[in-house]
Structures are given as C-alpha cells and as structure tokens.
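All ligand and atom numbering here is 1-based and tracks the order in the structure. The structure presented is a predicted model; accordingly, all values stated were derived computationally and were not measured.
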Amino acid sequence: MEQILVTGALGQLGTELVAELQNKYGTEQVFATDIHPPMNKKYHGNFEALDVLEKKAIEGLILRYEITQIYHLAAILSANAEKSPNLAWHINMDGLINVLELAKEHKINKVYWPSSIAVFGPDTPKTNTPQNTVMNPNTIYGITKVAGEKLCAYYNEKFDLDIRSIRYPGLIGHKSFPGGGTTDYAVEIYHEALKTGKFSAPLAENEMLPMMFMPDAVRATLELMDADKEKLSIKTSYNIAGTSFTPKDIAKSIQKIIPGFNINFHPDFRQNIAASWPNSIDDSYARNDWNWKVAYNLDDITKEMISHLRIKRQAIKVY
Ligand code: NAD
Ligand code: AKB
C-alpha cells in the first residue's frame, strides 16, 4: 500500500492534487504538509506542519508514516522569488536537496517534483518551444527550476531514484488561489470579473503565455506517476501544453459570458518575466511517452471558472 507525503500541500496546486491523491489512494494514505497550518481548522485528511528546510523533521515523517512516495510541491514562485531571490534559492534548492537525499537514503519508490515553463528564457525559441532547446532563464525562479531539473536527472541516473517531473504552464483553477507567480493574473481576472466587472492586467495586452486548467494539470501529474518507467525517455522534466492566450484573449473569452466586463493594461515587473517565457509549448515527448492529451481550451476554462465561482459566491451570499 502506498503512503504519500505531500509538501507545500496548502498551495494552489497542492490543494487540488491532495484531494485527487486522497480519492485515488485513500484519505488515510495521504500526509499533507505545509509550513503553516491550514486556515480551515476542519482540514479533510492528515495534515502536519513541516518546513522543507528542516531535513530531520521530513525524515521523522518518512519514518513515522512509512512513506513510499513524495510529492514535493513547496516552492517560492516567480514574482515572489524576484522580490526575495536568496530566500527563493534557499527554499527551492535546499528543500529539493533535502527531499532527494532522504528519498535516496530511505529508498522511496517514487518522487514527484514540479518544474515550470520558467526554465526557458529570452534566448529560447518562443513558438512551440521544444523539449530540448536553449534555456538560459533570467529569473531566479527559472534558475532554481533548471538546477532542480538537472539535480533530479542526476539522482535518477546516479542513484536509480525514480523521480518524475512536469514543466507546468500557468495553472488556472477555482478551488484555490495562486501563490505569487507571473501567471496569477489568469486566475484573479475571473474573481474580479464577478466581483467588480473589471480588471487591471499586470501584463501587456498581447503577451501570450502557455496556460492550463487545473484538472488537466492534476490528471497529467497522476498519469505521469502511473506511467511505465521504461517508457519515460525524459529524465529532467516533461514539456506539456494546455492552451496559450494573451490578457486580451482571456478578456474576450470572459466577455462572451459577461458582456460588460472591462479590462485595462498596466504592465509591471511581471511583464518582463512573462516576456522571457515561451508563447506556446511542443509537448510531443509527453504525448508519445505517456499518451498525454489536453482536454480544456480557453473558452472551456472560462465557462468552468465562471460557473464554479458563481456557485461559490452564491453559497457565501455575496450576490
Ligand atoms: P503556491 O505558492 O501556491 O504553494 C506553495 C506552497 O509551499 C505554499 O502553500 C507555501 O506555504 C509552501 N511553502 C513555502 N515555503 C515552504 C517551506 N519552507 N516549507 C514548506 N512549505 C513551504 O505554489 P503552487 O502554485 O501550488 O506550486 C506548487 C509547485 O508547482 C511549485 O513547485 C511550483 O513551482 C510549481 N508550478 C506551479 C505553477 C502554477 O501555475 N501554479 C506552474 C508551474 C510550476
Ligand atoms: C509562475 O508564474 O511563477 C508559475 C509558473 C508558470 O511557474 N505560475
């Protein structure tokens, strides 16, 4: 029976991934952790406070719960990382090294660690960015992701540790809030569309970025973790493509449902980060190796986001 440890479990991805892991393996088999306790005191399932910089504390949980798989999600995302580069390096790199060392020492069956489109930089081909290409990221977050990918491949090759990874695009979901990334605007815009009917975008109107709906991202993660190890030709991290759009495109998609919605553009420091990232992603390795296939396009995401957020707002009587 698998016993699963998740770090950074209260974040945007962890909130949704933990629920699916509980469905798949059983609530009691999943041990969610984060540096701070949950806001909701009635957290569904096992939860422990855990700082990923505390190697002994991670080891204590691995031993106590006989952990067989680790999903290491704790990280500082791109926009926050630019504000505190030393902290981002420390958490993103030392946290990962702690997990990899412990996984090696305790013979953990499988480790999952997310990478990002942030591994790419201004020298990377922007359209249909290939799996293997020039990277040279110019953000501290991207630098930690490239170094993390290389470290994962090293542990995989040298110590036969089974580590799997995806370079997620910007993730969009209605069950959790984003935690300080450049692509956060693509979640915030839906909340503001319903709350105020308008939005001020921190990116330029034509800045196209790769994005993905959270159910696709969670499904991709579980599919990769279930894939036959022999078929996985990528030891760093897999490109996966969802859909690509600009702030202007997402506004138009929202206007199909909320015609009076208004957007204006006030690019800030996040525009420079976005401009260094790809416009679209070639995910042929993921499609060939483990049959990855995206399900949601931009209009599908918009319909889902608006209908679920409306239900949520009605439930708390904000209308
Ligand atoms: P998030 O910021 O929402 O969540 C990260 C969590 O890590 C937070 O709950 C935070 O409290 C926790 N954390 C921070 N420092 C910690 C520490 N020292 N010890 C333990 N926990 C700590 O981020 P997310 O969006 O959920 O991202 C999860 C992973 O997916 C990250 O590795 C991120 O780089 C990657 N990713 C996310 C996206 C996205 O769009 N959300 C895209 C690409 C990659
Ligand atoms: C961010 O914007 O930092 C993340 C990411 C694409 O890694 N959403």
Plane angle bin for His174 and Phe213 - parallel if under 30°, tilted between 30 and 60°, otherwise perpendicular: tilted
Atoms in ligand 1 flagged as close to Ala74, the criterion being non-hydrogen separation under 4.0 Å: 7 (O), 20 (C), 21 (N), 22 (C)
Side chain, backbone, both or neither: Leu77 near ligand 1, heavy atoms under 4.0 Å: side chain
For Ala9 and ligand 1, answer yes if some heavy atom of the residue is under 4.0 Å from a ligand atom, otherwise no. no
So Thr144 and Trp89, side chain to side chain contact (heavy atoms under 4.5 Å, CB included) or not? Walk me through it. CA-CA 6 Å; Thr144 66; Trp89 175 265; 3.6 Å; yes
Measure the distance from atom 5 (C) of ligand 1 to every protein heavy atom, then report the residue, atom name and distance (to 0.1 Å) of the closest one. Ala75 O, 3.8 Å
Please tabulate, one pair per line, all N/O donor-acceptor pairs under 3.5 Å involving side-chain atoms of residues 200-209, not counting sequence neighbours.
residue	atom	partner	partner atom	Å
Glu207	OE1	Gln271	NE2	2.8

With a 4.0 Å cut-off on heavy atoms, does Thr7 reach ligand 1? no
With the threshold set at under 4.0 angstrom, would you say Gly181 reaches ligand 1 through any of its heavy atoms? no
Would Arg167 count as a contact residue for ligand 1, given that I'm defining contact as a non-hydrogen atom of the residue lying under 4.0 Å from a ligand atom? no
Do any N/O atoms on Gln12 end up under 3.5 angstrom from N/O atoms on ligand 1? yes
Does a side chain donor of either Ser78 or Thr182 reach within less than 3.5 Å of an acceptor in the other side chain? yes
Atoms in ligand 1 flagged as close to Ser115, the criterion being non-hydrogen separation under 4.0 Å: 43 (C), 44 (C)
Go ahead and list the nitrogen or oxygen contacts between ligand 2 and the protein that come in under 3.5 Å, distances to 0.1 Å, or just say none.
residue	atom	partner	partner atom	Å
ligand 2	2 (O)	Ser78	OG	3.3
ligand 2	2 (O)	Thr182	N	2.7
ligand 2	2 (O)	Thr183	N	3.1
ligand 2	2 (O)	Thr183	OG1	3.4
ligand 2	3 (O)	Ser78	N	3.1
ligand 2	3 (O)	Ser78	OG	2.5
ligand 2	7 (O)	Ser116	OG	2.6
ligand 2	7 (O)	Tyr141	OH	2.7
ligand 2	8 (N)	Thr183	OG1	2.7

Counting each atom of ligand 1 from 1 as listed, which ones have a heavy atom of Leu10 under 4.0 Å away? 9 (O)
Looking only at protein heavy atoms, identify the closest one to atom 20 (C) of ligand 1 and say how far it is in Å. Leu50 O, 3.1 Å
Does ligand 1 have an atom under 4.0 Å from some heavy atom of Pro169? yes
For ligand 1, which atoms, with element, lie under 4.0 Å from some heavy atom of Gly11? 1 (P), 3 (O), 4 (O), 9 (O), 26 (O)
Residue and atom name of the nearest protein heavy atom (relative to atom 18 (N) of ligand 1), distance in Å to one decimal: Asp51 OD1, 2.9 Å
Taking distance alone, with no angle check, do Leu53 and ligand 1 share an N/O pair under 3.5 Å? no
Given Ala57, Gly179, Ala81, which has its nearest heavy atom closest to atom 2 (O) of ligand 1? Gly179
Name all pairs fulfilling the salt bridge (Lys or Arg N to Asp or Glu O under 4.0 Å) condition that reach into residues 260-269, sequence neighbours left out, sorted by first residue then second. Asp268-Arg270
N or O contact, Asp34 vs ligand 1, cut-off under 3.5 Å: yes
Kindly compute the distance separating CD1 (Ile240) from CD (Glu223), expressed to the nearest 0.5 Å. 9.5 Å
Just do the side-chain hydrogen bond (donor to acceptor under 3.5 Å, both in side chains) check on Thr302 and Asp299 with the steps written out, would you? CA-CA 5 Å; Thr302 298; Asp299 283 342; 4.8 Å; no
Here the atoms of ligand 1 under 4.0 Å from any heavy atom belonging to His36 are 11 (O)
Please walk me through it: do Ser237 and Ser165 pass side-chain hydrogen bond (donor to acceptor under 3.5 Å, both in side chains)? CA-CA 5 Å; Ser237 185; Ser165 177; 2.8 Å; yes
Is any side-chain heavy atom of Tyr190 closer than 4.5 Å to a side-chain heavy atom of Leu194? no
Verdict with reasoning, Glu66 to Gln3, per side-chain hydrogen bond (donor to acceptor under 3.5 Å, both in side chains): CA-CA 7 Å; Glu66 299 179 352; Gln3 298 276 92; 5.8 Å; no
Under a 4.0 angstrom heavy-atom cut-off, which atoms of ligand 1 come close to Ser116? 43 (C), 44 (C)
Nearest protein heavy atom with distance in Å, relative to atom 35 (C) of ligand 1: Pro114 CB, 3.8 Å
Do Ser244 and Ser280 get their side chains close enough for a donor-acceptor pair, meaning under 3.5 Å? no
Atom 19 (N) of ligand 1: closest protein heavy atom, distance to 0.1 Å, is Val52 N, 2.9 Å
Suppose we measure from atom 26 (O) of ligand 1 to each protein heavy atom; which comes out shortest, and what is that distance? Leu13 N, 2.8 Å
Cut-off 3.5 Å, side chains only: do Tyr168 and Thr221 have a donor facing an acceptor? yes
Considering non-hydrogen atoms of the protein only, which is the closest contact for atom 40 (O) of ligand 1, and what is the distance? Leu171 N, 2.9 Å
Determine whether the aromatic ring centres of His191 and Phe177 lie less than 6.0 Å apart. yes
When you look at Thr68 and Glu2, which way does the side-chain hydrogen bond (donor to acceptor under 3.5 Å, both in side chains) test go after all the steps? CA-CA 6 Å; Thr68 61; Glu2 300 290 351; 2.5 Å; yes
Quick one, Arg219 with Asp216, criterion salt bridge (Lys or Arg N to Asp or Glu O under 4.0 Å). Give me CA distance, side-chain angles, the key distance, then yes/no. CA-CA 5 Å; Arg219 180 172 54 80; Asp216 271 334; 2.8 Å; yes
Of all the atoms in ligand 1, which lie at a distance below 4.0 Å from a heavy atom belonging to Gly170? 40 (O)
Validation row, ring centre Trp290 to ring centre Tyr238 under 6.0 Å: yes
Quick check on contacts: which atoms of ligand 1 are under 4.0 angstrom from a heavy atom of Gly8? 6 (C), 7 (O), 12 (C)
How are the rings of Tyr154 and Phe159 set to each other: parallel, tilted or perpendicular (split at 30° and 60°)? perpendicular
I need the full list of salt bridge (Lys or Arg N to Asp or Glu O under 4.0 Å) pairs touching residues 159-182, with sequence neighbours left out, sorted by first then second residue. Glu149-Arg167, Asp160-Lys229, Asp162-Arg164
Show your working on side chain to side chain contact (heavy atoms under 4.5 Å, CB included) between Thr183 and Met211 and close with a plain yes or no. CA-CA 8 Å; Thr183 61; Met211 301 278 187; 3.9 Å; yes
Using a 4.0 Å heavy-atom threshold (strictly under), name the region of Tyr141 that reaches ligand 1: side chain, backbone, both or neither. side chain
Can you tell me the protein heavy atom closest to atom 31 (C) of ligand 1 and the distance? Leu73 O, 3.3 Å
Asp123 and Asn136: side chain donor to acceptor below 3.5 Å: yes
Nearest heavy atom to atom 32 (O) of ligand 1 wins, so pick from His72, Lys145, Met211. Lys145
